[in-house]
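Before any comments, here is the structure.
If you read the sequence from its start, that first residue is 1, and numbering goes on from there. Everything numeric in this text was worked out from a predicted model, so none of it was measured.
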Amino acid sequence: MQKSILILGACGQIGTELTIALRDKYGNENVIASDIRESTDTSLSSGPFEILDATNYDALEDIVMHYEVEEVYLMAAMLSATAEKFPERAWSLNMNSLFNVLNLAKEKKIDKIFWPSSIAVFGTNTPKEKTPQHTLMEPSTVYGISKQTGERWCSYYHAKYGVDVRSVRFPGLISWKTQPGGGTTDYAIEIYVQAINKGSYTSFLKKGTKLPMMFMDDAIRAAIELMESDGSKLSIRSSYNLGAMSFAPEEVAKSIQSMLPTFTISYDPDFRQAIADSWPCSIDDSQARKDWGWKPEFDLKRTTTEMLENLS
Ligand code: NAD
């Protein structure tokens with residue numbers, strides 16, 4: 001099937017692997033990677049690449065028209081930990097980029113949008129275990145507020161203007177190909193890198209901080225499967241809960257020790273602990289399973305094997 005797909009924020013942790021996966025599926029020339037900065041990853045040179053600021057509507061529209069883009073994956077955003085340092089910049093990037101793609105779809109210049117939300121939409125008063133799809137949401141971070149607001153706008157544009165926007169609430173994502181981009185779950189990547197490089201790791205989250213996590217291959221597959229699913233079966237146009245596994249730092253450490261027995265972990269929590277404490281421990285994703293057949297493939301054991309084998 002031929003279609004033209006544009007990725008905004010393609011140089012990031014998700015965007016890099018998403019670009020490769022979409023090019024494998026739809027052909028290198030049909031997937032246009034773009035970012036506000038040049039790519040340092042040679043794998044993005046397998047097809048078209050454009051320098052593009054996702055908050056610049058006119059520049060975005062030009063690229064969409066030039067390549068006759070049908071689908072947009074919006075990955076440009078400022079993540080949770082960085083956003084706490086630059087609240088206004090985070091709000092402006094996260095909201096304006098979303099409005100730009102929603103308005104392009106409203107004006108029928110593109111057909112379909114994928115925009116990721118996050119478990120950051122929840123807050124301290126949300127039920128922590130098996131957090132339901134529909135529940136109390138009082139996010140306490142700038143990032144969470146921007147994602148929750150984004151969800152409401154996606155739902156609104158779908159209901160009011162028929163915009164085909166699709167979204168999942170990603171948990172913390174674990175990958176080895178690209179550096180993480182300043183999130184609260186980045187420890188779950190650093191721990192593997194340092195296990196290989198140093199044999200020890202000091203976690204910025206304390207023992208017992210259980211958070212929902214997902215291996216990148218599952219996340220990429222989720223995004224593509226949701227985009228390819230039958231739109232008439234999608235009952236959620238804000239954002240789907242999405243789960244795979246949940247663990248605390250000491251559980252990753254134990255899992256690493258099963259392959260590297262001398263690995264040690266210590267704890268030195270910083271400001272990210274408060275962010276993590278406001279997020280759920282595990283997610284009920286039954287609606288995604290029911291509506292479009294979501295099913296994760298990676299548990300902690302398989303993730304650890306993939307991470308350690310590929311990083312070393
Ligand atoms: P990242 O920080 O690794 O990548 C974001 C990319 O956007 C970067 O390459 C950056 O250069 C680019 N960018 C920044 N400003 C831009 C602009 N104005 N125009 C164009 N590009 C710009 O982020 P990621 O981890 O790949 O996350 C992608 C999306 O997934 C975000 O919406 C994020 O909130 C969401 N998400 C990520 C995670 C995770 O664990 N990584 C979890 C939940 C949700």
Donor-acceptor contact present, side-chain [X] to main-chain [Y], <3.5 Å:
X: Asp218; Y: Glu297; result: yes
X: Lys254; Y: Pro249; result: no
X: Asn56; Y: Ala59; result: yes
X: Thr149; Y: Ile145; result: yes
X: Asn241; Y: Thr131; result: yes
X: Thr305; Y: Lys301; result: yes

Using every non-hydrogen atom in the two residues, find where [X] and [Y] come nearest and quote the distance to one decimal.
X: Cys11; Y: Arg37; result: O-NH2, 3.4 Å
X: Ala120; Y: Tyr143; result: CB-CD2, 3.5 Å
X: Ala90; Y: Met78; result: CB-SD, 3.7 Å
X: Ser229; Y: Leu234; result: OG-CD2, 3.7 Å
X: Asn94; Y: Ala77; result: OD1-CA, 3.4 Å
X: Val101; Y: Ile110; result: O-CD1, 3.7 Å

Option among Ile224, Ile32, Ile220 that satisfies the side-chain contact (heavy atoms from CB on, under 4.5 Å) test with Leu22: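 With Leu22 as partner, Ile224, Ile32, Ile220 yield a single side-chain contact (heavy atoms from CB on, under 4.5 Å), made by Ile224.
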Any luck finding a side-chain donor-acceptor pair between [X] and [Y] under 3.5 Å?
X: Thr184; Y: Ser80; answer: yes
X: Gln287; Y: Ser235; answer: yes
X: Tyr67; Y: Glu50; answer: yes
X: Gln273; Y: Thr209; answer: yes
X: Thr202; Y: Ser266; answer: yes
X: Asn103; Y: Glu107; answer: no
X: Thr55; Y: Asn96; answer: no
X: Ser155; Y: Ser238; answer: no
X: Arg23; Y: Ser46; answer: yes
X: Ser282; Y: Ser246; answer: no

Once ring-ring contact (aromatic ring centres under 6.0 Å, His included) is applied, what residue pairs with a partner in residues 219-255 remain, sequence neighbours excluded? Tyr240-Trp292
Taking only residues at least two apart or on different chains, which pairs with a member in residues 196-232 satisfy ring-ring contact (aromatic ring centres under 6.0 Å, His included)? Phe215-Phe298
Kindly indicate whether the side chain of [X], heavy atoms from C-beta on, has any atom under 4.5 Å from the side chain of [Y].
X: Val168; Y: Ser117; value: no
X: Ile265; Y: Ser203; value: yes
X: Ser92; Y: Phe86; value: no
X: Glu228; Y: Lys25; value: yes
X: Gln133; Y: Asp284; value: no
X: Pro132; Y: Pro127; value: yes
X: Phe170; Y: Ser118; value: no
X: Glu38; Y: Phe49; value: yes

[X]-[Y] co-clustered via ILVMFWY side chain contacts under 4.5 Å:
X: Ile36; Y: Leu98; result: no
X: Leu104; Y: Tyr156; result: yes
X: Ile191; Y: Leu205; result: yes
X: Ile7; Y: Leu52; result: no
X: Leu308; Y: Met245; result: yes

For the pair Lys210 and Glu129, evaluate salt bridge (charged side-chain N to carboxylate O under 4.0 Å, His left out) and give the outcome as yes or no after the intermediate values. CA-CA 10 Å; Lys210 184 174 145 197; Glu129 290 291 351; 3.3 Å; yes
Assert yes or no for the condition that the ring centre distance of Trp153 to Phe99 is strictly below 6.0 Å.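 Between Phe99 and Trp153, which both carry aromatic rings, the centre distance is below 6.0 Å.
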Electrostatic pair [X]-[Y], nearest N-O below 4.0 angstrom:
X: Lys206; Y: Glu250; answer: no
X: Glu17; Y: Lys177; answer: yes
X: Arg302; Y: Asp299; answer: no
X: Asp164; Y: Arg237; answer: yes
X: Arg169; Y: Glu151; answer: yes
X: Lys112; Y: Glu70; answer: no

Apply side chain to side chain contact (heavy atoms under 4.5 Å, CB included) to Tyr26 and Ile5, showing your working. CA-CA 9 Å; Tyr26 295 108; Ile5 299 172; 3.5 Å; yes
Start with the C-alpha distance between Arg221 and Trp294, add both sets of side-chain angles, then the distance that settles side chain to side chain contact (heavy atoms under 4.5 Å, CB included), and finish with yes or no. CA-CA 9 Å; Arg221 193 171 48 79; Trp294 165 244; 3.8 Å; yes
Stepwise, does the side chain to side chain contact (heavy atoms under 4.5 Å, CB included) test hold for Phe122 with Leu136? CA-CA 7 Å; Phe122 302 114; Leu136 190 63; over 6 Å; no
